[in-house]
Each structure stands twice: as structure tokens, then as C-alpha cells.
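To keep things clear, I will list the structure first and then write my remarks on it.
Predicted, not measured: the structure shown is a model, and the values here were computed from it.
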Amino acid sequence: MRRPASGAVLALLLALQAAPAGAEGAAERLPACLACHGEGGTSAQAGVPSLGGMPADYVVTQLYLFREKQRVAEPMNAMAEGLSDDDLRALGDAVAKLPPPKPAGEADAARMAAAQGLVGKHQCNSCHGADLAGQEQIPRIGAQREDYLLATLRAYKSNARAGYDPAMNEVAQGLSDADIVELAYVIARR
């Protein structure tokens, strides 16, 4: 995950300092989350995922991993520090209510058709759902930022990012970099 622009970091730090602990603190921290991940749940920052429409259970799991430093990505570890389990649930519920992002830009029909075969071949929709909207502890990947999808798939392939379930690391081993580029393209536009 790339570092957010300095203005976003400042907004995040100010919001974190002002946020009280407890479930009310979770509600007050949501604006800090959206400062990086985008108002309305759609990120405009390179390398920062859109959170809108993510399943609440997935968000809770990721925040837990950040809080416990089992997943390292500053400033997420700092943001999650001190959050109670109730805070995690409140943030997960709030994020799940945000509208999902819209698919990325215009799509080349031929490229979409060819890349759609990769989605089927690698069974993306068996876990992420037919519409790639995710479910329970599986993230929504449809209409996610293309640059984030590229980085994430490459990190799973290199084992730089370990999932709490090894399924993504296993799937990514069978992907060429060209496959990763095409998968990111089609998934960002679905």
C-alpha cells in the first residue's frame, strides 16, 4: 500500500487524535478512514483500495489483522491501534453500508471478453461471488482500483502478502504477470 498524500496523512492523524475510544470512537474514526479510502467509499488515491460495499466481516478481519500487526501497512496499523472488538464491528458495519464503487472507465470489449476467460479459469467468482461483490470474509473485488488489484495480485504471487487463508497465494502461483494485468483490468471494470 502506498503512502497517502501528505494532506491525507495530516487529516488522518488529526482525526485519530480527536477520536475517543469505544464504539462511539469507531463512528468518529470513519471520516479518517474515508480521508484515504474515499468519501462515499470510492478511493481516488493510487494504491489505496476502495472500501465501499465491502462485507462487514471482511473489514473486521482486516482491521483485526492491522490492530494485531499481523498485516503491516502504515498508517493502517496506527489507525487500528487501540480499537476494541466493538470498534472493529462498528467500523465494519459502517463500511459495508457505503455504496460500492463504480467500474473503472471505458472497457475494451475484446479485452474484456478475453480476460473474462481468466476469471473463469482461475475461479475468481467461486469465492468472490458471481458479481465479485464478496461475501462474509471474502472481499468485494469488482470495481476495485486497478492499480490496487495489480499490486495485491503480485504480492500474493510473490508471497509478500499472506492471506489469512492461503487460497489467494495458491491461486496467484498459477498466474503469469500478463494474466495479472488482464485480471486487474477486467475486475476493475465489473
Side-chain angles (χ1 to χ4, degrees), residues 1-16 29-55 58-81 83 91-92 94-96 98-107 111 115 118-119 124 128 132-134 137-164 168-169 171-172 175-190:
M1 184 162 123
R2 292 184 187 167
R3 293 180 186 237
S6 60
V9 171
L10 180 61
L12 175 65
L13 292 174
L14 290 173
L16 288 175
R29 286 188 190 208
L30 186 60
C33 300
L34 299 179
C36 294
H37 292 281
E39 292 297 324
T42 300
S43 172
Q45 289 193 44
V48 177
S50 297
L51 295 183
M54 280 293 178
Y58 175 76
V59 174
V60 169
T61 300
Q62 295 307 303
L63 288 172
Y64 173 85
L65 293 172
F66 286 126
R67 182 184 75 187
E68 302 301 316
K69 295 185 176 43
Q70 293 176 11
R71 181 172 175 202
V72 178
E74 290 298 336
M76 288 304 304
N77 299 105
M79 190 295 250
E81 189 174 345
L83 290 174
L91 283 167
V95 167
L98 295 170
K102 303 268 188 261
E106 294 293 317
R111 190 173 177 192
L118 289 171
V119 171
C124 303
H128 295 278
L132 304 178
Q137 292 186 2
I138 310 288
R140 177 198 43 73
I141 58 173
Q144 185 55 267
R145 288 187 57 87
E146 187 172 356
D147 61 337
Y148 181 76
L149 291 167
L150 279 167
T152 300
L153 287 168
R154 287 175 175 148
Y156 279 129
K157 182 171 177 69
S158 71
N159 289 314
R161 178 171 175 180
Y164 52 88
M168 279 306 303
N169 298 88
V171 167
L175 299 173
S176 68
D177 197 61
D179 290 342
I180 289 172
V181 168
E182 293 308 305
L183 279 169
Y185 180 86
V186 72
I187 292 169
R189 288 162 178 77
R190 283 198 43 193

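Partners of Asn77 under the side-chain hydrogen bond (donor to acceptor under 3.5 Å, both in side chains) rule, at least two apart in sequence or in another chain, do not exist in this structure. A search for side-chain hydrogen bond (donor to acceptor under 3.5 Å, both in side chains) contacts involving Gln62 returns Arg71, not counting sequence neighbours. A search for side chain to side chain contact (heavy atoms under 4.5 Å, CB included) contacts involving Pro101 returns Thr42, Ser50, Arg140, Ala143, not counting sequence neighbours. For Arg145, the salt bridge (charged side-chain N to carboxylate O under 4.0 Å, His left out) test picks out Asp147, with sequence neighbours left out.
Expressed to the nearest 0.5 Å, how far OG1 of Thr61 lies from CD of Gln137 amounts to 3.5 Å. For the atom pair CD (Gln45) and SG (Cys36), the distance works out to 5.5 Å, reported to the nearest 0.5 Å. Distance check, rounded to the nearest 0.5 Å: CD of Gln144 to CZ of Arg189 gives 13.0 Å. How far SG of Cys124 is from CD1 of Ile138: 12.0 Å, rounded to the nearest 0.5 Å.
A donor-acceptor pair under 3.5 Å is absent between the side-chain atoms of Arg111 and the main chain of Ala107, judged by distance alone. Checked by atom type and distance alone, the side chain of Asn169 never pairs as donor or acceptor with a backbone atom of Ala160 at under 3.5 Å. At distances below 3.5 Å, not a single donor-acceptor pair connects side-chain atoms of His37 with backbone N or O atoms of Val48.
Ala172 and Leu153 get closest at one heavy-atom pair: CB-O, 4.1 Å. Minimum heavy-atom separation, Gly134 to Pro55: C-CG, 3.9 Å. Summarising the geometry of Tyr148 relative to Gly47, their closest heavy-atom pair is CD1-O, 3.5 Å, with the distance given to 0.1 Å. The nearest pair of heavy atoms linking Glu106 to Tyr185 is O-OH, 4.0 Å.
Counting only heavy atoms from C-beta outward, the side chains of Ile141 and Thr152 never approach each other to under 4.5 Å. Looking at His128 and Ile187, their side chains never come closer than 4.5 Å, going by heavy atoms from C-beta outward. Proximity of Val95 to Leu30: side-chain heavy atoms (C-beta onward) are separated by under 4.5 Å at one or more points. Looking only at side-chain heavy atoms (C-beta outward), Leu63 and Leu91 come within less than 4.5 Å of each other.
Counting only residues at least two apart or on different chains, the salt bridge (Lys or Arg N to Asp or Glu O under 4.0 Å) pairs with a member in residues 148-159 are Arg154-Asp177. Screening residues 58-67 for salt bridge (Lys or Arg N to Asp or Glu O under 4.0 Å), with sequence neighbours left out, gives Arg67-Asp85.
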*How far apart are the C-alpha atoms of Leu183 and Leu175, what are their side-chain angles, what is the distance that settles it, and do they pass the side chain to side chain contact (heavy atoms under 4.5 Å, CB included) test?*
CA-CA 10 Å; Leu183 279 169; Leu175 299 173; 3.7 Å; yes
